[in-house]
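Taking it in order: structure first as structure tokens, then the write-up.
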There are 2 protein chains.
Amino acid sequence: MTDTGPRTRIQERNIAAILDAALDVFSQAGFRGATLDQIARAAGLSKPNLLYYFKNKQAIHRELLSELLDTWLDPLRGLNDEGDPIEEIVDYVMRKLEMARTMPRESRLFANEIVQGAPHVLDIIEGPLKALVDEKAALIRGWAAAGRIAAVEPYHLIFSIWATTQHYADFDVQVRGILSPEGDAHFADAAAFLSHLYRRALAPG
Amino acid sequence: MTDTGPRTRIQERNIAAILDAALDVFSQAGFRGATLDQIARAAGLSKPNLLYYFKNKQAIHRELLSELLDTWLDPLRGLNDEGDPIEEIVDYVMRKLEMARTMPRESRLFANEIVQGAPHVLDIIEGPLKALVDEKAALIRGWAAAGRIAAVEPYHLIFSIWATTQHYADFDVQVRGILSPEGDAHFADAAAFLSHLYRRALAPG
DNA sequence: AAAGAGTTTGACCAATTGGTCAGGGGAACG
DNA sequence: CGTTCCCCTGACCAATTGGTCAAACTCTTT
């Protein structure tokens, strides 16, 4: 099942329900901490029925991760040599922050995976992800060499952008415990702060 | 057992072995993902013997977390109004980064706990942690009001420091997958980058 | 060296967990 | 309207897991 995409309406509906439920559960408990019963209950299906659509627990998790990795790196792919370098980078930060706001479960799914040693995606990190980061680091290094931005180590710049933006999704509980915001209101302040942070850090000279 | 600190040598040795093993296992698998068998094996003890020293799985986890929280916030407590504000803050960043380098397991233990919703420490976050952060945020706000640092939102400044420094511990696998560093060599570059980042961002005017 | 505390273990248990399977019900389609 | 897939379930299973317990062993103290 689920090898060539959904076909019938029932399949489409149930697979979507399973993946949504699994995203809830995996992102909140990690792979080992999640149970099929939890996922089945959250999806409104019986466990055997769940296993009718997915071969096993790993298959659900793998499907979620591969779906995620596609969209997760889109903002970085969009970092191009088209406009002003500082605007490009700040735009990237804002896109990343917006993803943290609208897709916190996906961010936490990824965070769980990495914190626990990336057992399922290590090859992707060392392969395609590294290649993409290498490419963008070279672009940033070029901007620095041309004096269009300050001389910063591009890899650590990228790490800091990942860290500061994903923090609002991954450590959401802590952020809310300290700020007690109304809904997502604190994201506006976060955006202002990060905009200031990177504009200042990257201004040439 | 373990209610009033170790007494005999055997207790001291075994409790230390258990906590060290548990830190390995919990930080890598989260609370639910960790098993008593794993911890016992890593500590070189049998499972019943492990449970002779700790009442249950929760007790081990709780002990680790409370030990950790004490030391974890020390760097922030050290943020005082004694020297130059920018040096104070950069020192804090460096102390935090050094903790990420020397205590990555502790950082990941905490990260696992927060990512998974902080079920065991939510009260501490909303209580003592919030109080401490409120206090330091007021200090930073005072510096900004006095024009001694740039006008930044102090809470988000603190979040960004936590995020950027702990990233090197929590996402260690990813960082290493991209940089392939020799040992901890990349921490020097990280320190240089973060120093630049915060000096630029905080410079007044 | 015997008492007595402290330490360790094998055997065991109930609950949970990932997963299977045979068969029953339902929708679609000729 | 009957057949043929597709969908779903209850019952079940083996392995794992957190935890217990009585008995045995070991170390210290008198």
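Just so you know, these numbers come straight off a predicted model, no measurement behind them.
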Please work out if A:Ala34 contacts a base, only the sugar-phosphate, or nothing of the nucleic acid, heavy-atom cut-off 4.0 Å.
-> sugar-phosphate
So what does A:Leu51 hit on the nucleic acid, given a heavy-atom distance under 4.0 Å: a base, only sugar-phosphate, or nothing?
-> base
Using a cut-off of less than 4.0 Å, is there contact between a side-chain N or O of A:Gln11 and OP1 or OP2 of D:dC6?
-> no
Has the side chain of B:Lys57 got a donor or acceptor that lies under 3.5 Å from a partner of the other kind on the base of D:dG19?
-> no
Nearest heavy atoms of B:Ala43 and B:Ala17, plus distance in Å | CB-O, 3.7 Å
Are B:Ser46 and C:dT9 close enough that a side-chain N or O sits under 4.0 Å from OP1 or OP2?
-> yes
Do A:Arg141 and A:Asp134 sit within salt-bridge range, that is, some charged N less than 4.0 Å from a carboxylate O?
-> no
In whole angstroms, the gap separating C1' of D:dG18 from CD1 of B:Ile39 amounts to 11 Å
N/O (side chain, B:Tyr52) to phosphate O (OP1/OP2, C:dT8) under 4.0 Å = no
Whole Å only: how far is the NZ atom of B:Lys47 from the C1' atom of D:dC21?
-> 14 Å
Roughly how many Å is it from CG in A:Leu36 to P in C:dT17, rounded to a whole number?
-> 10 Å
Nearest-angstrom distance from the residue atom CD1 of A:Ile10 to P of D:dC5 | 17 Å
Separation of D:dC8 atom C1' from A:Ile15 atom CD1, nearest Å, is 15 Å
Are OP1 or OP2 of D:dT17 and a side-chain N or O of A:Arg32 less than 4.0 angstrom apart?
-> yes
Can you figure out which of C:dT8, D:dC8, C:dG19 approaches the side chain of B:Tyr53 most closely?
-> C:dT8
Mapping B:Asp37 and A:Arg9 onto DNA chain D by nearest heavy atom, which one lands closer to the 5' end?
-> A:Arg9
For side chain to side chain contact (heavy atoms under 4.5 Å, CB included), just list the numbers for B:Lys96 and B:Trp162, CA-CA rounded to whole Å, side-chain angles, deciding distance to a tenth of an Å, and then say yes or no.
-> CA-CA 8 Å; B:Lys96 264 273 159 191; B:Trp162 291 349; 4.1 Å; yes
Distance below 4.0 Å between A:Asn49 side-chain N/O and D:dT9 OP1 or OP2 = yes
Is A:Asn14 near enough to D:dC8 that one of its side-chain N or O atoms lies under 4.0 angstrom from OP1 or OP2?
-> yes
Nucleotide C:dT17, atom P - distance to CG of A:Asn56 in whole Å | 17 Å
Starting at atom CG of B:Leu50, determine the distance to atom C1' of C:dT9, rounded to an integer number of angstrom.
-> 13 Å
Charged N to carboxylate O under 4.0 angstrom, B:Arg77 versus B:Asp70?
-> no
Quick one: closest heavy-atom pair of A:Ala21 and A:Ile39, and the distance?
-> CB-O, 3.6 Å
Give the rounded distance in Å between these two atoms: CZ of A:Phe54 and C1' of D:dC7.
-> 15 Å
Compare side-chain N and O positions of A:Thr8 against OP1 and OP2 of D:dC7 and report whether any pair is under 4.0 Å apart.
-> yes
